[in-house]
Protein chains: 2
Amino acid sequence: MQEEAQGSSMEPVTLRKVAAAAGVSVATASKALNGRGRMTPETRKLIRETADRMGFRPNALAQSLLRKRSFTVGLLTNDTYGRFSLPLMAGISEALVDKGVSVFLCNVEDDPRLAQLHVNAMRDKRVDGIIATGKRIDRRLPIDLSGLGIPVVYAFTEPDPASIAFVADEAGGVRLAIEHFASLGRRRIAHVSGPASFAVVHLRAQAYRETLERLQLAAFEPLLGTWSEAWGHEAVRRLFEGTQKPPDAIFCGNDQIARGVIDALRERSVAVPDEIGVIGFDNWEIMAAQSRPPLTSVDMNLTAIGREAGLALLTLVDGQKAETGIRRLPCRLVVRESCGQTTVKTIEVQSTSG
Amino acid sequence: MQEEAQGSSMEPVTLRKVAAAAGVSVATASKALNGRGRMTPETRKLIRETADRMGFRPNALAQSLLRKRSFTVGLLTNDTYGRFSLPLMAGISEALVDKGVSVFLCNVEDDPRLAQLHVNAMRDKRVDGIIATGKRIDRRLPIDLSGLGIPVVYAFTEPDPASIAFVADEAGGVRLAIEHFASLGRRRIAHVSGPASFAVVHLRAQAYRETLERLQLAAFEPLLGTWSEAWGHEAVRRLFEGTQKPPDAIFCGNDQIARGVIDALRERSVAVPDEIGVIGFDNWEIMAAQSRPPLTSVDMNLTAIGREAGLALLTLVDGQKAETGIRRLPCRLVVRESCGQTTVKTIEVQSTSG
DNA sequence: TTGAAAGCGCTACCAA
DNA sequence: TTGGTAGCGCTTTCAA
């Protein structure tokens, strides 16, 4: 038996029909269902019940036209396959869904034409606001979002001047990691990170130096390479085959590097965590939890960043003013087994804001 | 200097204003801009230029109200952080953006309440259709989408009966892998896969057996475990410490298992690919490309599945009928270095449909 | 060739 | 307490 699928379209239930069925005017029906105006409780009850029985759902298109508010926002990103934008989206969605706000997902790659296409579609559909996110905090989306006449909030991407932006407090995250090492008695802490072309590499290296200085510990020269396991391997070779005494702790710029570091250490029969501790960055669950031993890692709380961005956008949409600037939200340290702890726990600090 | 961000809202440019500025009626302006009706080329040109100059963009809300078509679809998923839904979304978006259709992203976890909330919001906003996706082809979303009066297409999730669904041709993918092994002279091909609770595990094991039989090769008993690197390790131990002669090829149920297998083989000093070949499943770039050696893997072409699902939904929205049933789209084999090839290439087969 | 008028589904104002 | 009416921004007859 071969059936046919179709958009079976029974006539929609309009307010007019509900009103007719309940024997009242559309105006009264509207007020009854929106909880406005005055009327006898019986009338209101009758109308409500009629609407429920008929399965009435108000047409948001008509409401939006009138209210000049579509309860819709656009999420612009260039992080197609990324592990950064997904937790971000989860947070955004979480903050908005309960307020009846839906999210248009717009992936623009790095294509200005595609970006313009999406932004046009969003404007036409009268989104209440836009959240811009990306995969790097030091790269702009391929389109200018200022002067659109729509509130815009940036999260985890390079913002326009005089806008509101949310990012992770990277320096705070680094401090958590280094202080964790120090509290466990590690004294020779190295830093293996990504390419110099990334702003976060400098941010983290700087925080690494400052924290060590504050703790009166000697710093290694940060080793910069790529965001790969292969580079983690190579870095270990350099640290252990050089002339200086090897470290007893390695703070890595991301979890992949850390993974490579751990593998390389095992191949050299250097015991993790007994002889050396390792901490990663990103807390990418699937990477961190499956390394041997499981990796302690700094988590940027991207979901929280998304949530804050969503809420901030709503206040702007509400017409309230908000201070511009970059807000840095605290990271947390997810402790697994690569530093000598065995119980999984989390360490947080207050945001240092900015 | 502390500035204030706001939703700066200059009065929007309406068709009425464009018409006034051009000295014509709204009706004429509408027709001019939509390329309908008849009028002198000069009038049309004048109106178009005026609209452009004023930055006019039609209010899609008003258009939708009238046309009963919102140029908006909903994407329902329970794969929050997943690597499956993302490529799928990319394909969907790709198929729709050029037709001016925007996508509401709705993550429903496995929460029926959340799912209902999102579906209600989508209905209210009069989406033209819904695409349902998930992280497993043998699990339903926590909500019934039939009888909504809206076209629904399923992609990579358990569909309703009498609906249209798209999935990967898993059996075809398995055949690609096994035949690749065979063509390289491998004769003792083992299969290490995930938990028996997954339908794909049985699908793939079955295809594994059938393909070996067709090639007149002996099959190993498929080893079922978890989708983890740790299980890949353990499986290698079993294959090499048992009484039977070890395999010269291992076909893995996903890339993580394959990764664990490769690592375990290295620890045993069994050379990949010289002594044994390894193929994974999913072609999860970040996992497959970074293993040592880089992993040959079956790619389910999720983006293509997403694209097809998007196009299918559009035809339904158009009011055209379409055959119901499950469509299986072909996989491809991405050849890296874990089987003895050194150049990266791709092998495809025609869909076996169904 | 052009435009007046009706109406999509709803809310809001004001009069009854 | 209730309902008639106007109108959100647009498209579409239909008449001029």
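In the text below, chain A, chain B and the rest are named by the order of the sequence lines, each starting its count at 1. Just so it is clear, the structure is predicted and the values come from calculations on it, not from any experiment.
- A heavy atom closer than 4.0 Å to some atom of DNA chain D occurs in B:Phe56, B:Pro58, B:Asn59, B:Ala62, B:Gln63, these being the qualifying members of residues 48-64 of chain B.
- With hydrogens and angles left out, the side-chain atoms of B:Gln116 and B:Asn120 include a donor and acceptor closer than 3.5 Å.
- Regarding A:Arg69, its CZ atom lies at a distance of 18 Å from the C1' atom of C:dA12, rounded to whole Å.
- B:Lys125 and B:Ser70 share no side-chain donor-acceptor pair at under 3.5 Å.
- Sorted by first and then second residue, the ring-ring contact (aromatic ring centres under 6.0 Å, His included) pairs with a member in residues 93-152 of chain A read A:Phe104-B:Phe104; sequence neighbours excluded.
- In this structure, B:Leu65 atom CG and D:dG9 atom P are separated by 12 Å, rounded to whole Å.
- Residue A:Arg126 has no polar side-chain atom (N or O) positioned under 4.0 Å from OP1 or OP2 of D:dG9.
- The side chain of A:Arg36 lies closest to C:dA12, out of D:dT11, C:dA12, D:dC8.
- Exactly one of B:Val108, B:Asp111, B:Leu76, B:Leu114 qualifies for a side chain to side chain contact (heavy atoms under 4.5 Å, CB included) with B:Pro142. That residue is B:Val108.
- Of the possible polar contacts, none joining the A:Asp124 side chain to the B:Ala60 backbone as a donor-acceptor pair under 3.5 Å is found.
- For C:dG9, the OP1/OP2 oxygens have a side-chain nitrogen or oxygen of B:Lys68 closer than 4.0 Å.
- The ring-ring contact (aromatic ring centres under 6.0 Å, His included) check on B:Phe84 picks up B:Phe156, with sequence neighbours excluded.
- For B:Leu75, the side chain to side chain contact (heavy atoms under 4.5 Å, CB included) test picks out B:Met89, B:Ile92, B:Val103, B:Leu105, B:Ile131, B:Thr133, with sequence neighbours left out.
- For the pair A:Asn34 CG and C:dC13 C1', the interatomic distance rounds to 15 Å; values are reported in whole Å.
- A donor-acceptor distance shorter than 3.5 angstrom exists from the side chain of B:Arg48 to the backbone of B:Ala32, with no hydrogens or angles considered.
- For A:Ser30 and C:dC10, the shortest distance from a side-chain N or O to OP1 or OP2 is not below 4.0 Å.
- Between A:Lys99 and A:Asp318, no side-chain nitrogen of the basic residue sits less than 4.0 Å from a carboxylate oxygen of the acidic one, so the salt-bridge criterion is not met.
- Between the side chains of B:Thr77 and B:Asp79, not a single donor N or O lies within less than 3.5 Å of an accepting N or O.
- Between B:Lys17 atom NZ and D:dG9 atom C1' the separation is 11 Å, expressed in whole Å.
- A donor-acceptor contact shorter than 3.5 Å links the side chain of A:Thr50 to the backbone of A:Leu46.
- In this structure, B:Asp124 places its CG atom 13 Å from C1' of C:dG9, rounding to the nearest Å.
- Atom P of nucleotide C:dC13 and atom CZ of A:Arg67 are separated by 13 Å, given to the nearest angstrom.
- Comparing the start and finish of the helix from C:dT1-D:dA16 to C:dA16-D:dT1, five pairs each, the helix axis swings through 50°, to the nearest 10 degrees.
- Look at CG on B:Leu66: it is 12 Å from P on C:dG7, rounded to the nearest Å.
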Taking N or O atoms only and anything under 3.5 Å, show me the protein contacts with nucleotides 1-5 of chain D, one pair per line.
| residue | atom | partner | partner atom | Å |
| --- | --- | --- | --- | --- |
| D:dT2 | OP1 | A:Thr43 | OG1 | 3.0 |
| D:dT2 | OP2 | A:Thr40 | N | 3.2 |
| D:dT2 | OP2 | A:Thr43 | OG1 | 3.1 |
| D:dG3 | OP2 | A:Ser25 | N | 3.2 |
| D:dG3 | OP2 | A:Thr28 | OG1 | 2.9 |
| D:dG3 | N7 | A:Lys31 | NZ | 3.4 |
| D:dG3 | O6 | A:Lys31 | NZ | 2.6 |

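- Counting to the nearest Å, the P atom of C:dT1 and the CG atom of B:Leu46 are 16 Å from each other.
- A distance of 15.0 Å separates CZ in A:Arg126 from CZ in A:Arg69, rounded to the nearest 0.5 Å.
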